[in-house]
Every structure is written in structure tokens, then in C-alpha cells.
Amino acid sequence: MGALIESVEVLHPRPVRRHLAGPADFASVLTGRTIVGARRRGKYLWLPLAPTDASDSGQGPGDALMAHLGMSGQLLVQPAGVPDERHLRVRFRLDRGDRELRFVDQRMFGGLSLSPGGAEVPAEIAHIAPDPLEAAFDESAFVSRVRRSHSGIKRLLLTQTVISGVGNIYADEALWRSGLHGERPGSQLTRAQVLELLGHVRAVMTDALAQGGTSFDALYVNVNGESGYFDRSLNAYGREDEPCKRCGTPMRRVAFMNRSSYFCPACQPAPRRTRS
DNA sequence: AGTTGCCCCTGCGCGC
DNA sequence: TGCGCGCAGGGGCAAC
């Protein structure tokens, strides 16, 4: 079982920046290891490795190849001989050179690292809350965390220690479904409102998964290169000046954390300013 | 200690 | 035609 890493080729240093010993060391320490699985939490994913004599502590999980796809990353398994992707950053030759694991990433917000074993979840992401589709997600912890924060609810939805797996697009969609403005402080929401929002977060993620995700262009495809169709179902994201699908009011766009937020000014009224 | 602003990065599309 | 600018966004981190 598993896939033996025959060799590693780092074509761009940035995606392995979190491996502090450098790209050459990254390649060297992974060569000869065997990938035995695949796990994820939120948008992080990691590939557990079989223990070596040196690394096997005899207890707990072993080392893992950690990955995050950022916004434009892909982890692909390709037969050897498939032409290099334009933004191929790291190549792992597997087995007897028959196939390759490739990390492809245009914008390089994502990356790879070797995570030492010993913990159930790699140390790099121990601070990440479970995502709301995991059984481990703690609803009451989420509700109380939100309700004692003065941060805006959208920011909280994007904060990994609060909840993981929710990005800018799905946050806007869940807030639109909930009739909540993203700048509403968490502390201003009732328990029922937070639970309703959580229900919409789950529904948006489930709906999006069922449609293969949200594909605006060729960057956003699944592991087989296929597009998803959830962009056709978006009610908020990207709809500036278009009528709200619930009340017809023109949708608005505002800058938010170097991104954009889309909302209906009627269905999702802005909170009263407490100071200005 | 909780909260906030901003940086990282590439490619594309737009306006001048 | 070419250049510069803004935008896209996951997530961490320094500074308050």
C-alpha cells in the first residue's frame, strides 16, 4: 500500500517557504518516504507518511506532507510524461517513475511543508477549528466564541480559530441567506441568529459541493480539471448593482480585508454606528 | 488578550 | 500599442 516518493523537484522556492531548512532539504527529507493516506481540515490537507526507522516514535501518527492550496493551488496525480503545467511548482516522482504528484499554483498563496509526527492533527494547524461539516465541530463553542467577540460576523466566519473551511464567497452567501450584514458585531447577535447562520453556512457548503464548487475560470477546478457550477447559484457574491433575488434592491459591494463584500442593503441592513 | 490593518503573489482586464 | 493600476483571495502576523 502507499506511494513511494522516488524523487522531489522543487521548481519554485515560494511554495516550500514554510520548510525553514530550504527547498533542497525539503526535497531530500521527502525522498524515500511513502505516502499512505490523505486527510483534511478546513482548506488544509495533509498526506500521512509511513514511519521510517529514524522518525518512528512508536506512538501516535507519523510525519505528514502538509499542503494548503491557497486560492489557486492544485494537487494533481499525473501519469509520467504528461506535459508540465504552466504553473507547476513542485514535482514528486512516485513509484517507479510511472506517475507524479504535482503541486500546481499560479499565485502561490498555498504551499507544502513536512510536518513532524506525534499529534493527531499536524502542529501547523492545531489552532484551526474544525469545519462545520466535520463531526468534531463544536456548535456551542462556535456560538459562544461569536457572541463574545466585538468583531464583525463576516470576519469571524473567515477566522480559522473560530471556524474553518469558509471563504469569502461562501461567507457572503451565508450572510445573504441569513439576512445579516457582515459588519454586525458577533456580540450583537442572538444565540438563535448565530445558529441560523451556521445552518446557512452548512447549506451553502453542501449545495456548492453538490455542484462541484464555484468555478469562475480555469483556476478553480477539481482534481480532474473539471469546473463546478455553483457560480450559477450565487445570490450575493459578484452581483454588484444587480437586483437582490429576494427583494429587488440593487446589491452593493464594499471593500473588506483587501477583498470585496457583496450584500443587499435592504435585506442585510448595516449595523448602527456606535462611534464615527 | 482581543482586535484590526495589511501583506504575501501572479495574471488579467481595463483606461489612458 | 504599452504601461500602470485595480482586482481576485486564504490566512497569518505585527501592532495597537
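Reckoned from all heavy atoms, side chains included, excluding hydrogens, waters and symmetry mates. Every chain is numbered from 1 and lettered A, B, ... according to where its sequence line falls, protein lines coming before strand lines.
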Output the distance between atom CZ (A:R33) and atom CG (A:L65), rounded to the nearest 0.5 Å.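 CG of A:L65 is found 10.0 Å from CZ of A:R33.
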
Sole candidate of A:R148, A:R147, A:H150 that passes side chain to side chain donor-acceptor pair (under 3.5 Å) when paired with A:S187: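 Testing each of A:R148, A:R147, A:H150 against A:S187, the sole residue satisfying side chain to side chain donor-acceptor pair (under 3.5 Å) is A:H150.
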
Which one of A:E100, A:E85, A:R91, A:R99 satisfies the side chain to side chain donor-acceptor pair (under 3.5 Å) criterion with A:Q78?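 Result: among A:E100, A:E85, A:R91, A:R99, A:E85 is the only option passing the side chain to side chain donor-acceptor pair (under 3.5 Å) with A:Q78.
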
Taking 4.0 Å as the cut-off, does a side-chain nitrogen or oxygen of A:H12 come that near to OP1 or OP2 on B:dC9?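 Answer is no, no contact under 4.0 Å.
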
Are A:R246 and A:W176 in a cation-pi setup, meaning NZ or CZ lies under 6.0 angstrom from the ring centre and within 45 degrees of the ring axis?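 Output yes; distance and angle both within limits.
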
In whole Å, what is the span from the [atom1] atom of [X] to the [atom2] atom of [N]?
| X | N | atom1 | atom2 | value |
| --- | --- | --- | --- | --- |
| A:R17 | B:dC9 | CZ | P | 8 Å |
| A:R86 | B:dC9 | CZ | C1' | 14 Å |
| A:M257 | B:dC7 | CE | C1' | 11 Å |
| A:L158 | B:dT3 | CG | P | 15 Å |
| A:R14 | C:dG12 | CZ | P | 13 Å |
| A:L20 | C:dG12 | CG | P | 15 Å |
| A:R148 | B:dA1 | CZ | P | 13 Å |
| A:I169 | C:dA8 | CD1 | P | 10 Å |

Pick base, sugar-phosphate or nothing for [X], based on heavy-atom distances below 4.0 Å to the nucleic acid.
| X | answer |
| --- | --- |
| A:Y170 | nothing |
| A:Y44 | sugar-phosphate |
| A:S260 | sugar-phosphate |
| A:N258 | base |
| A:R18 | sugar-phosphate |

If you pin A:M108 and A:S149 to their nearest nucleotides in DNA chain B, which one's is more 5'?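 Looking at the nearest nucleotide for each, A:S149 comes out on the 5' side.
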
Search all heavy atoms of A:C267 against all heavy atoms of A:C247 and return the closest pair with its distance.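 So the two residues come closest at SG-SG, 3.7 Å.
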
Is_stacked (A:F109, B:dC9) at 5.5 Å, 30 deg: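 It does not: the two rings, one from A:F109 and one from B:dC9, miss the stacking criterion.
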
Under 3.5 Å donor-acceptor pair, A:R155 side-chain atoms to B:dG5 base atoms: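 Present.
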
Options [options], nucleotide nearest the side-chain atoms of [X]:
| X | options | value |
| --- | --- | --- |
| A:S151 | C:dG12, B:dT3, C:dA8 | B:dT3 |
| A:H127 | C:dG12, B:dC8, B:dT3 | C:dG12 |
| A:R253 | B:dT3, C:dC7, C:dG12 | C:dC7 |
| A:R107 | C:dG12, B:dC9, B:dT3 | B:dC9 |

Nucleotide paired to C:dG4 in any strand shown, Watson-Crick or G-U, under 3.5 Å: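 Pairing partner: B:dC14.
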
Is a donor on one side and an acceptor on the other found under 3.5 Å between the side chain of A:T159 and the backbone of A:V162?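 Side chain of A:T159 to backbone of A:V162, a donor-acceptor pair under 3.5 Å: no, none is there.
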
